[in-house]
Amino acid sequence: MNTKEKLKKILITDLNLEELAPEDIDDSAPLFGEGLGLDSLDAVELVVIIQKHFGIEIKDMEEGRSAFQSIEALAAYIDRRLAAA
Amino acid sequence: MKIAIQGIGVVGGFGTGVADMRQALLSGVSNRSSVHLSNCGEPLDLSALRAETSRLNDFVPIKAQRRIDNFSKLGLLGAYLALEDAGVLAEGPQERLGVVIASGYGATGITYAFLDSFINDGDICASPTYFANSVHNSAAAYISIMLGATGPSSTVSQFHLSVPSALQTAWLWLAEGRVDRVLFGAVDELSELIGYAWYRQRGRADHSDMIPLVTGRESAIPGEGAAFLLLSRQEEVQGGYCLIDHVTTGRFLKPGFLRTPDELLILGADGRRDMGANYAALTEKSNIACFTPLYGSMPAGPAFDLAVASLMLKEGKTFASPGGSECDFPAQVVPGGSSLEGSRVSSLTLSDDDGYGLVNLTQL
């Protein structure tokens, strides 16, 4: 399973997006607002989820802002951080 | 001041809503289910009376429920059902509505999931959503927010006396004129943690039936659910179910105090053998009924008794005790279908430490 697929499954489970299946989530759609419809509390949850499941700590707000654009961006960020570790 | 009960919202082992509760009262049957325990040495299923919250989808979009834990869902469903039953749901935001919730255990499922996350993943990975749901008053807050209720909101926990204590709070708010209505409810959930505690203290609860009036025998089965009542000052409403005359709490009730021949006394006896003797001693020679087999053993139970009492007072007839008429102390178990003599019903709850709660209700 690649990072994008893994990420989608985790988000559905941990954010209780029960009405969605992984294939319903567009890789490039925004995570917040119009796309997946996440909000500011989800942003905090996302920071926790990334640390819990991938061991990656997001401390820099700007770094988080660009990583949280979409599933695609977040998966790329995770892969980059894991490769650099 | 007397308080009128305008609407009832119930969910428990008997089903969802007043119609399901009435049907279970007539048939004497609730749906036995179980709670799965995975941390008892070997996994097991503890027999239980569980509540089901899918009817909440009729009131709250599924997407809007995703952060709401099971305890709050039980509360929300009970609240919406009570407003629907009273015919006031379509009124929109309830600006002069107070919300008070009674719970013996609170939101244990989400609270212990939150605490477990500290142990498993470290405090830095604690979920903010779990934290929000673990806050004591979160269910009452969800209800207030979703109903647009801008009156006071509170949660009372006094274990088995939570219901009469919270009812006294509701009474005060109405007497002070702080609100026009109070949505009073009791909620308890049967989380795995509560199930585990039950199992360690009382075993598997695999009795064939609850027979709470046979006080010398252990027959308790754990339950969960929510029972809500929409309350108003008597002079400001028409219709409804019945009136609440008095709510009393105290300690060391003396034998004979409750011997009122014209009154039906609903006992909160729930098949726990250690409590049964106290009920027996206090209610000798009374006209009694007991409905705990309908919803199971839980601290929120007395609120279900108030719902059953309300239904009986509205219909002017008794329901049979679902545990049967067998009783091992000298009291009269009232049969189903009899007229309510004296038009009064009281609900008695005893706590483990000699405390009591007594609610007196009369016909409208």
Side-chain angles (χ1 to χ4, degrees), chain A residues 3 6-26 29-65 67-68 70-71 74-75 77-78 81-82 85, chain B residues 36 38 51-77 107-135 137-139 141-146 189 191-192:
Chain A
T3 309
K6 189 177 172 187
L7 199 49
K8 287 179 186 177
K9 286 189 173 173
I10 290 170
L11 292 192
I12 287 170
T13 306
D14 287 17
L15 297 180
N16 289 325
L17 303 167
E18 288 166 4
E19 76 279 21
L20 292 178
E23 54 272 23
D24 297 331
I25 302 176
D26 184 347
L31 292 177
F32 297 88
E34 285 298 305
L36 202 53
L38 303 186
D39 58 24
S40 57
L41 186 55
D42 292 313
V44 185
E45 285 285 2
L46 265 179
V47 171
V48 172
I49 287 168
I50 302 305
Q51 176 152 6
K52 192 166 122 184
H53 291 278
F54 298 96
I56 295 169
E57 205 174 340
I58 302 172
K59 286 183 173 172
D60 185 331
M61 283 274 284
E62 284 308 312
E63 200 176 283
R65 199 186 300 273
F68 287 172
S70 63
I71 288 285
L74 187 52
Y77 172 79
I78 290 167
R81 288 283 304 265
L82 290 176
Chain B
H36 184 70
S38 53
E52 209 267 316
T53 58
S54 60
R55 238 333 284 280
L56 186 58
N57 299 347
D58 293 351
F59 304 108
V60 181
I62 294 174
K63 200 171 181 182
Q65 294 178 34
R66 73 183 174 93
R67 290 203 185 109
I68 305 175
D69 70 302
N70 183 55
F71 181 86
S72 294
K73 281 183 182 176
L74 285 167
L76 267 172
L77 179 54
T108 51
I110 200 77
T111 301
Y112 281 85
F114 178 60
L115 296 175
D116 281 346
S117 73
F118 275 54
I119 297 166
N120 297 332
D121 305 309
D123 56 0
I124 201 161
C125 287
S127 159
T129 307
Y130 280 20
F131 169 71
N133 282 319
S134 73
V135 173
N137 204 38
S138 66
Y142 275 124
I143 293 168
S144 295
I145 291 165
M146 295 212 169
E189 70 167 338
S191 63
E192 188 172 350

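Note on naming: letters A, B, ... go to the chains in the order of the sequence lines (proteins, then strands), and numbering restarts at 1 for each one.
- Crowding of B/Phe118 atom CZ: a count of heavy atoms from other residues, nucleotides or ligands under 6.0 Å exceeding 12.
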* Chi angles and distances behind the side-chain hydrogen bond (donor to acceptor under 3.5 Å, both in side chains) call for B/Asn57, B/Gln65 -> CA-CA 9 Å; B/Asn57 299 347; B/Gln65 294 178 34; 3.0 Å; yes
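- In this structure, no portion of A/Ile49 lies under 4.5 Å from any heavy atom of chain B.
- Side-chain contact annotation: B/Glu189 with B/Ser191, donor-acceptor N/O pair under 3.5 Å absent.
- For the set A/Leu17, A/Asp39, A/Leu20, the entry with the most heavy-atom pairs within less than 4.5 Å of chain B is A/Asp39.
- Using a 4.5 Å cut-off between heavy atoms, A/Asp14 makes no contact with chain B at all.
- Residue contact with chain A, scored on non-hydrogen atoms closer than 4.5 Å, involves the backbone of B/Ala126 exclusively.
- For the options A/Glu45, A/Glu57, A/Glu19, heavy-atom pairs under 4.5 Å to chain B are most numerous at A/Glu45.
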* To do: Evaluate salt bridge (Lys or Arg N to Asp or Glu O under 4.0 Å) for A/Glu63 paired with A/Arg81, printing each intermediate quantity in order.
  => CA-CA 11 Å; A/Glu63 200 176 283; A/Arg81 288 283 304 265; 3.1 Å; yes
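- Across every non-hydrogen atom of A/Leu7 and A/Ile71, the tightest pair is CD2-O, 4.1 Å.
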